[in-house]
There are 2 protein chains.
Amino acid sequence: MMYSATSHTRPPDPLINVCIIEDDEIIRKGYVSLLQADPDFFISGDYPSVEASLKHLEAACPDILLLDIQLPGMKGVDALPLIKKTLPQVRIIMLTVHENPEFIFTALKNGASGYLTKNTNFSKIKDHIKEVVNGGGAMSAGIALQVMQHFQKNLNTPLTKRETEILERVADGKSRSKIAAELFIDLETVKSHIKNIYHKLDVNSRDEAIKVAREGRYI
Amino acid sequence: MMYSATSHTRPPDPLINVCIIEDDEIIRKGYVSLLQADPDFFISGDYPSVEASLKHLEAACPDILLLDIQLPGMKGVDALPLIKKTLPQVRIIMLTVHENPEFIFTALKNGASGYLTKNTNFSKIKDHIKEVVNGGGAMSAGIALQVMQHFQKNLNTPLTKRETEILERVADGKSRSKIAAELFIDLETVKSHIKNIYHKLDVNSRDEAIKVAREGRYI
DNA sequence: AAGGCATCCCCCGTTTAGAGGGATTTTGAC
DNA sequence: GTCAAAATCCCTCTAAACGGGGGATGCCTT
C-alpha cells in the first residue's frame, strides 16, 4: 500500500509464504509475529535449526526462506545447497549479525538471493523480501559495500597498463605464446613484460604474481 | 566558496552535498528540486555532461555525485576514474535506465559506490544516498540480482568435488606439483585428475579448461 | 557385482618457464 | 624539444612443466 513500484508481478496470490530458520527464539518469534502482522505475508514455519526444518520444509514449500548464518549444527551457508536441491524454487535470504566477507561470498556462491544484516530495520526487511519475490536481489548497505569493494580495482597499481593487461591473461592460465598472439606482439615482448612484472611485485613465478596482484587488487 | 565547510568533517554539518550529472534536463532538474526540498541535502551543482562539470566539480567538492551512465560525450563509466583522481573523497552513485551487466561491472571496478536504476522510487534514492554517505553501498534490486548471479556457482557441474578443487587451483595459475603439495597428494594423482577434467570438458589445455569451466560456472 | 571416485605408477616428446644479458622505438609529461 | 618511461623486440641457457598414452589399486555406494 505504500510503494506500488515494488509490487507489479504477482497478481494471483498476494500471500508471500515465508519460513524462518533462526536459533535465537526471541529473534525468531519476533520475525514471526512482525511478519504475521502484515497481511502480505504468511509464515508457514519457523525452526531453530536446519536439522529441525528438513522434515517440514518440503510440505511448507515457502517462497522465501530467512536463514540465519550462525546456527548450531549445520551452518546456514552449508545448508544452502542442500535446501536448494530439495526445494529449487525457494529463494533464500541470509540473515547475519556479522559482515564476515568469507560467509558473504560463500553464501552468494551457493545461491543465496539476499544477504541482510539483522540490524536492518524491519520495514526494510519486508521491502527486501518483496523485491526478492519479484525476482530481484537484496543486500544491506554494508554487504553491498563489501561486494563492491570485491570488484574495485586499485587505481594505484605499480603496473603499467600493458603489464596489467598481460598479468590478467596470465591469471587466466594463458601461456606466454597465447598472450603474444592475443595482443599481436612478439613472444619476446611478453617475456620482457612478465619479467618486469615479477620484479615489480617481487615474485618469481606465475602463481605468486597472481596472488600478490589479486591481494593488491592490481588485477 | 560558501559551503567549503562540507568538504572534510561530516558530523558537524548534517547537509549532504550532492552534484548531479545527467543529460536529460527534465530528469536532472527533477532530481535537483526533489533533493532541494529535503533539508538533509544541498545541491552544489548540476550538469548535462562530464565535460561541463569538470571545471566546477573541484570547487563544489560534493560528498555524493549522481552520475548518469548514458551521456553524450564522455560516458559515465569512463568518467569514474577521472573524477576519482581529482576528487578522491567523492562517492559516486551511478544512475541508469538499463541493467547492462557490462556497464554494471565496469562501474563497480572503477570504484562506484552505488548503482541505481532510474525507476527506483525517490524516497529510496534518498535512503540509498544516506547509506552511501554513512560508508555503505547502494544497489537496486535488479542490480543486486545480477551481482549475485555473477557469484553463483552451477550446482550441476560435470566435475567431481576433487576435480573442481583441482581446477580452481589450476585457474589460479598453480602448477601441478604445487597443487599436489597443497592437497597432500601425489603429482601423478593431480595429472590423472587434470586428464579427466580435460576429457569431461572436451579441451586439451589449461586455459581452455578454465574458460569452459568459468562459462559453465563450474568454478 | 558394478561403477564412480580418488589415489598412484610408468612411458614419451614438446613446450614453457624463468633468469641472464641486451637493443630499439614510441609515447607522454614537463 | 628533451628526457624518462613505456613498449617493443632479440639471444642463450637449463630445468621444469605440460599433454597424451598406457595402466593399477583400493574404497565407497548402489
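Note that the structure is a prediction, hence the values are computed from the model and not measured. As a basis for the values below, the full set of heavy atoms in this structure was taken, side chains included, without hydrogen atoms, waters or symmetry mates. Quick note on labels: first sequence line is chain A, next is B, and so on, each numbered from 1.
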**Asked** Which part of the nucleic acid does R176(B) contact within heavy-atom distance under 4.0 Å: base, sugar-phosphate only, or nothing?
**Response** base

**Request:** May I ask you to say what S205(A) touches in the nucleic acid, namely base, sugar-phosphate or nothing, with a heavy-atom cut-off under 4.0 Å?
**Result:** sugar-phosphate

Rounded to the nearest angstrom, tell me the gap between atom [atom1] in [X] and atom [atom2] in [N].
X	N	atom1	atom2	answer
E188(B)	dG21(D)	CD	C1'	12 Å
I179(B)	dA16(D)	CD1	P	18 Å
L187(B)	dC18(D)	CG	P	9 Å
I185(B)	dC5(C)	CD1	P	16 Å
I194(A)	dC9(D)	CD1	C1'	15 Å
L183(B)	dT7(C)	CG	C1'	12 Å
R162(B)	dT7(C)	CZ	C1'	9 Å
H193(A)	dA5(D)	NE2	C1'	12 Å

**K191(A) or K200(A), whichever maps to the more 5' nucleotide of DNA chain D** = K200(A)

**Asked** Mapping D186(A) and D207(B) to their closest nucleotides on DNA chain D, which lands nearer the 5' end?
**Response** D186(A)

**Item:** Toward the 5' end of DNA chain C, by each residue's nearest nucleotide, H199(A) or K178(A)
**Value:** K178(A)

[N], OP1 or OP2 - any side-chain N/O from [X] closer than 4.0 Å?
X	N	value
T160(B)	dA6(C)	yes
S177(B)	dA17(D)	yes
Y198(B)	dG20(D)	no
N204(B)	dG20(D)	yes
T189(A)	dC9(D)	yes

Check: [X] side chain, [N] base, donor-acceptor under 3.5 Å:
X	N	value
E163(B)	dC5(C)	no
K195(A)	dG21(C)	yes
S192(B)	dC8(C)	yes

**Item:** Qualifying residue for side chain to side chain contact (heavy atoms under 4.5 Å, CB included) with D68(B), from D24(B), D23(B), V50(B)
**Value:** D23(B)

Can you establish whether the number of heavy atoms outside [X] located under 6.0 Å from its atom [atom1] is more than 12?
X	atom1	result
K118(B)	NZ	yes
K84(A)	NZ	yes
K109(B)	NZ	no

**Backbone N/O of I16(B) and side chain of D63(B): donor-acceptor pair under 3.5 Å** = no

**Asked** According to the interplanar angle, ranging from 0 to 90°, do the rings of F151(B) and F105(A) count as parallel (below 30°), tilted (30 to 60°) or perpendicular (above 60°)?
**Response** tilted

